[in-house]
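Numbers restart at 1 for each chain; the letters A, B, ... are given by sequence-line order, proteins then strands. We use all heavy atoms of the structure for the numbers below, so side chains are in, but hydrogens, waters and symmetry mates are not.
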Amino acid sequence: MKATEHMPEIIGLVNRLIQKGLAYPVAGDVYFQVEKYQAYGRLSKRKLEDLQAGARVEVDERKRHPMDFALWKGSKPGEPSWESPWGPGRPGWHIECSAMSMKHLGETFDIHGGGMDLIFPHHENEIAQSCGATGNEFARYWVHNGFVQINQEKMSKSLGNFFTIREIFEKSKWPEAETGEMLRYFLLGTHYRGPLDFSDQSLLEAKNAVNGFYDLFIRLKESEERTMADKGLMEVIERCRVAFREAMNDDFNTSVAIAELQRLKGDVNKLLGQGLSTEARKIAREEFRSLGNNLGLFQLEKWLFNEILGTGTLEAHAATVRGAGTVVTPGADALKFLGAAPSLLNEEIEGKLVERNEARKQKNFKKADEIRQFLASHGIVIEDKSDGTSRWKR
RNA sequence: GGCGCCGUACCCAAGUGGUUAAGGGAGCAGUCUGCAAAACUGCGAUGCAGCGGUUCGACCCCGCUCGGCGCCUCCA
């Protein structure tokens, strides 16, 4: 959806505000007259008289009040422009949000999100425009998130200390799905209103935490049929459901919601030690999937482990990392994932595993350990199972 | 000058006017294991930036201070 596809709606909205006496045209521009909108400043708790007019930018003398903001800006020669009743020009910053949300969501809608830095002036102005034009409430709830910070500093384009999610994917030595999930886990680990300091360590911690869940999922799939703890499982699941819902209902308290998932993980691991039926293990996995779905977690089935054998995903990805070279932005240190060693082909890993198990059978533990060591140097961890076979993971 | 967010253990991070201040990671010590990994068990803040105040009682309420971050008619 693009703002440029909504020019008729935008122009219509500006017209409506002029007709209501809330806006006035000046030499090809159209300004919203803040003094005519008595609730101005309600969202950001600002009073017109408290604002420092001209503190950063010189006041435009043509405006009736220094705080009046542009709904439409006449274009200078050579600039991209659209035709309007006030001459060629382009929409002011805030108007397209109002026009587009009105068209697609209605005059009043439930939730409007955005960074804290947008509270003023952007969201304040959106409200003024929208409510001014319709007389109705604009957004019922405002959800403002804290900043992502790098080394205690706001991440922003102008500071140059930013990088994109795509770059995180590219720098990571892990498959995209995994990287995405750990990023999501990291983001969800703190309350949305608080600041969030981005670092390679935080991401690594998130990765390990997510891995812990998938370790459990693998166990759920492999354990033998025993039914001792089935009943306990249902109790533990029910407790988690209630607590999880409660946390989310409390202003999206995702850190608590995640803590509940962790608690369930521990509970299920314990019950698994006692013995769960195939059916119960399936229920447990489904429960994680279902709860996790609220947060975009645990949706991957064959992720990470050798079940994805043959897809080539990991190898292709490692090539991307190797070719990427060094990062140029100041965020480089944050993106420098520790020891991004080149990966092995899945087939090679499988081969080494067979070789090692052969050695183990012959009690040639020296050789077995060498192979473990070799794979470890490539970031591959081997886990021996009780039935004599092994699994691996990165 | 105005408005706002944040400061909790080694790290990340919830939370409450008064029961043991969630959870995770790391660490240490065990169980298990050929060795590992995973899993499980145990240990870890007498204290929640500092100082005052309110209160029978504050980490949580109020005030001040210190420290970090952000916004305040341009551009998005």
If we take the [atom1] atom in both [N] and [M], what is their distance in whole Å?
N	M	atom1	answer
B:C10	B:C71	C1'	34 Å
B:U33	B:A37	C1'	9 Å
B:A26	B:C40	P	13 Å
B:U8	B:G50	C1'	15 Å
B:A22	B:A45	P	11 Å
B:G2	B:U65	P	11 Å
B:A38	B:G25	P	10 Å

Starting from [atom2] on [N], measure out to [atom1] on [X] and report it in whole angstrom.
X	N	atom1	atom2	answer
A:Met182	B:C12	CE	C1'	15 Å
A:Glu96	B:C75	CD	P	12 Å
A:Arg42	B:G2	CZ	P	24 Å

Discussion item. Heavy atoms within less than 4.0 Å of RNA chain B: which residues of residues 25-38 of chain A have one? Give them sorted by number.
Written reply: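 Correct list: empty, so none.
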Practice prompt. Mind listing the residues from residues 2-12 of chain A sitting with a heavy atom below 4.0 Å of RNA chain B? Number order is fine.
Written response: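 Contacting residues: none.
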By side chain to side chain contact (heavy atoms under 4.5 Å, CB included), which residues pair with [X], not counting sequence neighbours?
X	answer
A:Ala139	A:Phe109, A:His112, A:Trp142
A:Pro121	A:Trp93, A:His94, A:Asn125
A:Lys265	A:Phe213, A:Leu216, A:Gln262, A:Asn269, A:Phe288

Worksheet item: Contact class for A:His122 (heavy atom, under 4.0 Å): base, sugar-phosphate, or nothing?
Response: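 Since no nucleic acid heavy atom lies under 4.0 Å of A:His122, the category is nothing.
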Using a 3.5 Å cut-off and no angle test, enumerate the donor-acceptor pairs between side-chain atoms of residues 361-369 of chain A and protein atoms at least two apart in sequence or in another chain.
from: A:Asn364; atom 1: OD1; to: A:Lys367; atom 2: N; distance (Å): 3.2
from: A:Lys366; atom 1: NZ; to: A:Glu370; atom 2: OE2; distance (Å): 3.1

Worksheet item: Closest to the A:Lys270 side chain: B:A38, B:C40, B:A13?
Response: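 Minimum distance to the A:Lys270 side chain belongs to B:C40.
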Minimum heavy-atom distance between [X] and [Y], given as atom pair plus value:
X	Y	answer
A:Ile10	A:Ala3	CD1-O, 4.0 Å
A:Glu260	A:Cys240	O-SG, 3.7 Å
A:Gly132	A:Lys20	O-CD, 3.3 Å

Shorter than 3.5 Å, N or O on both sides, protein versus nucleotides 3-7 of chain B: list them out with atom names.
from: B:C3; atom 1: O2'; to: A:Ser44; atom 2: O; distance (Å): 3.1

Please tabulate, one pair per line, all N/O donor-acceptor pairs under 3.5 Å involving side-chain atoms of residues 75-84 of chain A, not counting sequence neighbours.
from: A:Ser75; atom 1: OG; to: A:Pro88; atom 2: O; distance (Å): 3.4
from: A:Glu79; atom 1: OE1; to: A:Lys76; atom 2: N; distance (Å): 3.0
from: A:Ser84; atom 1: OG; to: A:Trp72; atom 2: NE1; distance (Å): 3.3
from: A:Ser84; atom 1: OG; to: A:Trp86; atom 2: N; distance (Å): 3.0
from: A:Ser84; atom 1: OG; to: A:Gly87; atom 2: N; distance (Å): 3.3
from: A:Ser84; atom 1: OG; to: A:Gly87; atom 2: O; distance (Å): 2.6

Discussion item. Can you tell me if A:Tyr24 has over 12 outside heavy atoms packed within less than 6.0 Å of its OH?
Written reply: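 More than 12 within 6.0 Å, yes.
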Worksheet item: Side chain of A:Glu181, backbone of A:Phe298: donor and acceptor closer than 3.5 Å?
Response: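 Such a contact is found between A:Glu181 side chain and A:Phe298 backbone.
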Discussion item. How would you summarise protein contacts on nucleotides 23-34 of chain B per nucleotide, using B for base, S for sugar-phosphate only and - for none, with heavy-atom distances below 4.0 Å?
Written reply: SBS--------B
Item to complete: Any side-chain hydrogen bond (donor to acceptor under 3.5 Å, both in side chains) involving residues 240-249 of chain A? Give me the pairs, sequence neighbours left out, ordered by first then second residue.
Response: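 For residues 240-249 of chain A: A:Arg241-A:Glu287.
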Below 3.5 Å, can you tabulate the donor-acceptor pairs from side chains in residues 96-105 of chain A to any protein atom, sequence neighbours excluded?
from: A:Ser98; atom 1: OG; to: A:Glu126; atom 2: O; distance (Å): 3.4
from: A:Ser98; atom 1: OG; to: A:Gln129; atom 2: OE1; distance (Å): 2.8
from: A:Ser98; atom 1: OG; to: A:Ser130; atom 2: OG; distance (Å): 2.8
from: A:Ser101; atom 1: OG; to: A:Cys97; atom 2: O; distance (Å): 2.9
from: A:Ser101; atom 1: OG; to: A:Ser98; atom 2: O; distance (Å): 3.2
from: A:Lys103; atom 1: NZ; to: A:Glu9; atom 2: OE2; distance (Å): 3.1
from: A:His104; atom 1: NE2; to: A:His6; atom 2: NE2; distance (Å): 2.8

Discussion item. For A:Arg360, give me all partners under salt bridge (Lys or Arg N to Asp or Glu O under 4.0 Å), at least two apart in sequence or on another chain.
Written reply: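 A:Arg360: salt bridge (Lys or Arg N to Asp or Glu O under 4.0 Å) contacts with A:Asp384.
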Discussion item. Does a side-chain N or O of A:Asn269 approach OP1 or OP2 of B:A38 to a distance below 4.0 Å, or not?
Written reply: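 No, no such contact exists.
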Worksheet entry | Under 3.5 Å side-chain donor-acceptor pair for A:Asn136 and A:Thr108 |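 No, no side-chain donor-acceptor contact under 3.5 Å.
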